[in-house]
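Protein chains get the first letters and strands the later ones, always in sequence-line order, with residue 1 at the start of each.
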2 protein chains.
Amino acid sequence: MAVMARAATTSDAFNAIAEPQRRDILALLRAGERPVTDVARELGMSQPGASKHLRVLREVGLVRVRGAGKQRLYGLDARGLRPVHEWVGGFERFWNESFDRLDTYVQDLKQTRQEE
Amino acid sequence: MAVMARAATTSDAFNAIAEPQRRDILALLRAGERPVTDVARELGMSQPGASKHLRVLREVGLVRVRGAGKQRLYGLDARGLRPVHEWVGGFERFWNESFDRLDTYVQDLKQTRQEE
DNA sequence: TTGACGCATTCCGATATGGGAATATGATGG
DNA sequence: CCATCATATTCCCATATCGGAATGCGTCAA
């Protein structure tokens with residue numbers, strides 16, 4: 001069994017959106033379907049670059065292709081982002097608490113020091 | 001300037017949570033602070049493994065440490081997850097639409113074929 | 001001071017990644 | 001069938017990543 005260096009980028013949505021350019025692509029596709037060339041041009045990347053990122057996004061199911069003659073139109077399929085949203089949402093009540101909890105730590109520490 | 005192969009794992013929360021084990025750690029820490037050894041044991045990973053992942057989480061600010069004598073207690077700091085939640089949330093209306101839009105595609109295709 | 005314990009770091013190997021450049025594939029119009 | 005345009009793939013490089021094993025380091029108790 002080979003040693004796995006890291007979960008493949010193509011394995012899930014979490015990995016797919018870890019790459020900034022892919023996030024940009026997804027954001028762009030909210031405005032509607034786009035052929036590869038447009039994606040590349042609008043985001044300032046090379047054609048092979050766009051093509052590769054779109055491949056990853058397609059493999060994790062965040063994007064769909066449909067042939068339109070000579071072109072291939074890529075469209076958003078955001079369903080795969082829902083689990084991500086839910087997972088992160090599981091921390092919602094913590095990012096409000098955090099400040100207070102940290103303040104408490106700090107106060108405890110200060111007090112402890114003064115008492116010594 | 002060196003060629004960057006991939007955004008460093010330590011660069012942001014998106015990358016940090018791309019790794020399943022780190023997600024597990026964050027989830028575990030919702031239950032409260034833990035020393036490294038506990039994290040490792042409860043999640044079935046090696047001590048150095050846990051230590052390394054915690055380092056990454058600390059570097060992106062998702063986790064805080066505080067020394068408690070011989071131990072170092074790691075605690076959740078979920079504030080960094082908020083931007084992630086918001087970014088993904090920007091697609092919320094799309095993952096409800098998606099089904100319909102895709103169905104439309106399919107129907108269009110079928111109809112086109114029948115007409116030919 | 002010296003163990004012993006808890007944790008961090010370093011070194012290593014196998015592998016994955018993103019980008020650039022070049023090239024292959026595919027569909028279309030003529 | 002051919003030329004062309006749109007896209008995909010391949011190759012190569014520099015680098016990053018994760019895991020395991022070994023080792024370093026800091027703190028505490030006796």
Side-chain angles (χ1 to χ4, degrees), chain A residues 1-26 29 33-60 63-75 112 116, chain B residues 1-25 29 33-60 63-75 109 112 116:
Chain A
M1 212 165 303
V3 173
M4 190 67 79
R6 176 177 197 172
T9 221
T10 61
S11 58
D12 63 3
F14 282 97
N15 274 285
I17 67 171
E19 162 66 47
Q21 308 217 62
R22 285 196 288 264
R23 290 202 294 277
D24 291 343
I25 292 179
L26 292 176
L29 292 184
E33 295 178 298
R34 292 269 188 298
V36 178
T37 309
D38 284 25
V39 172
R41 186 169 30 72
E42 297 191 46
L43 298 180
M45 39 197 208
S46 71
Q47 176 268 311
S51 212
K52 286 173 193 168
H53 282 310
L54 283 166
R55 189 198 209 310
V56 172
L57 291 171
R58 183 160 44 81
E59 283 175 351
V60 304
V63 140
R64 294 262 176 163
V65 217
R66 98 187 147 90
K70 216 184 285 190
Q71 314 203 117
R72 288 165 64 77
L73 294 181
Y74 280 89
T112 305
E116 285 171 353
Chain B
M1 216 160 301
V3 173
M4 190 67 79
R6 176 177 199 172
T9 222
T10 61
S11 57
D12 63 4
F14 282 97
N15 274 286
I17 67 171
E19 162 66 46
Q21 306 217 64
R22 285 196 287 263
R23 289 201 295 277
D24 291 343
I25 292 179
L29 292 183
E33 295 178 299
R34 293 269 188 297
V36 178
T37 309
D38 285 24
V39 171
R41 186 169 30 73
E42 297 190 46
L43 297 180
M45 39 198 209
S46 71
Q47 176 268 309
S51 214
K52 286 173 192 169
H53 283 310
L54 283 166
R55 190 199 207 314
V56 172
L57 291 171
R58 183 161 44 81
E59 283 176 352
V60 303
V63 140
R64 294 263 176 161
V65 217
R66 95 188 149 90
K70 215 185 285 190
Q71 314 203 117
R72 288 166 64 78
L73 294 182
Y74 281 88
L109 288 173
T112 306
E116 286 170 353

At 4.0 Å (heavy atoms only), tell me whether A:Q47 reaches a base, stays on the sugar-phosphate, or touches nothing.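 A:Q47: base contact, heavy atoms under 4.0 Å.
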Within the structure shown, what part of the strands sits under 4.0 Å from B:G69 by heavy-atom distance: base, sugar-phosphate, or nothing?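 Sugar-phosphate, backbone atoms only, no base.
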In whole Å, what is the span from the [atom1] atom of [X] to the [atom2] atom of [N]?
{"X": "A:E59", "N": "C:dT17", "atom1": "CD", "atom2": "P", "value": "10 Å"}
{"X": "B:M45", "N": "C:dA8", "atom1": "CE", "atom2": "P", "value": "12 Å"}
{"X": "B:L73", "N": "C:dA8", "atom1": "CG", "atom2": "C1'", "value": "16 Å"}
{"X": "B:Q71", "N": "C:dA8", "atom1": "CD", "atom2": "P", "value": "11 Å"}
{"X": "B:D24", "N": "D:dC18", "atom1": "CG", "atom2": "P", "value": "14 Å"}
{"X": "A:E19", "N": "C:dT17", "atom1": "CD", "atom2": "P", "value": "11 Å"}
{"X": "B:I25", "N": "D:dC18", "atom1": "CD1", "atom2": "P", "value": "11 Å"}
{"X": "A:Q21", "N": "C:dG18", "atom1": "CD", "atom2": "P", "value": "9 Å"}

Contact between B:I25 and B:M45 at the side-chain level, heavy atoms closer than 4.5 Å - yes or no?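 They are in contact (side-chain heavy atoms under 4.5 Å apart), so the answer is yes.
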Does A:V63 reach the side chain of A:L26, with side-chain heavy atoms less than 4.5 Å apart?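 Contact flag for A:V63/A:L26 side chains = yes.
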So, using side chain to side chain contact (heavy atoms under 4.5 Å, CB included) as the criterion, who are the partners of A:R55 when residues are at least two apart?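 A:R55 satisfies side chain to side chain contact (heavy atoms under 4.5 Å, CB included) with A:R58, A:E59 once adjacent residues are dropped.
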Tabulate protein N/O versus nucleotide N/O from nucleotides 10-12 of chain C, keeping only pairs under 3.5 Å, one per line.
{"from": "C:dT10", "atom 1": "O4", "to": "B:K52", "atom 2": "NZ", "distance (Å)": "3.4"}

So how far is it from B:L43 CG to B:H53 NE2, rounded to the nearest 0.5 Å?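 It is 10.0 Å, given to the nearest 0.5 Å.
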Just N and O in the side chain of [X]: are any of them under 4.0 Å from OP1 or OP2 of [N]?
{"X": "B:H53", "N": "D:dG19", "answer": "yes"}
{"X": "B:R58", "N": "C:dA8", "answer": "no"}
{"X": "B:Y74", "N": "C:dA8", "answer": "yes"}
{"X": "A:R72", "N": "D:dA8", "answer": "yes"}

For A:V65, does its backbone N or O pair with a side-chain atom of A:R72 as donor and acceptor, under 3.5 Å?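 No; zero donor-acceptor contacts below 3.5 Å.
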Keeping B:E19 on the side-chain end and B:Q21 on the backbone end, is there a donor-acceptor pair under 3.5 Å?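 Flag set: sc B:E19 to bb B:Q21 pair under 3.5 Å.
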Given DNA chain C, 5'-ward residue of the pair A:K70 and B:V65, judged by closest heavy atom: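 Checking each residue's closest nucleotide, the 5'-ward one belongs to B:V65.
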What closest approach, in Å, do B:A50 and B:V39 show between heavy atoms, and which atom pair accounts for it?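 That would be CB-CG1, 4.3 Å.
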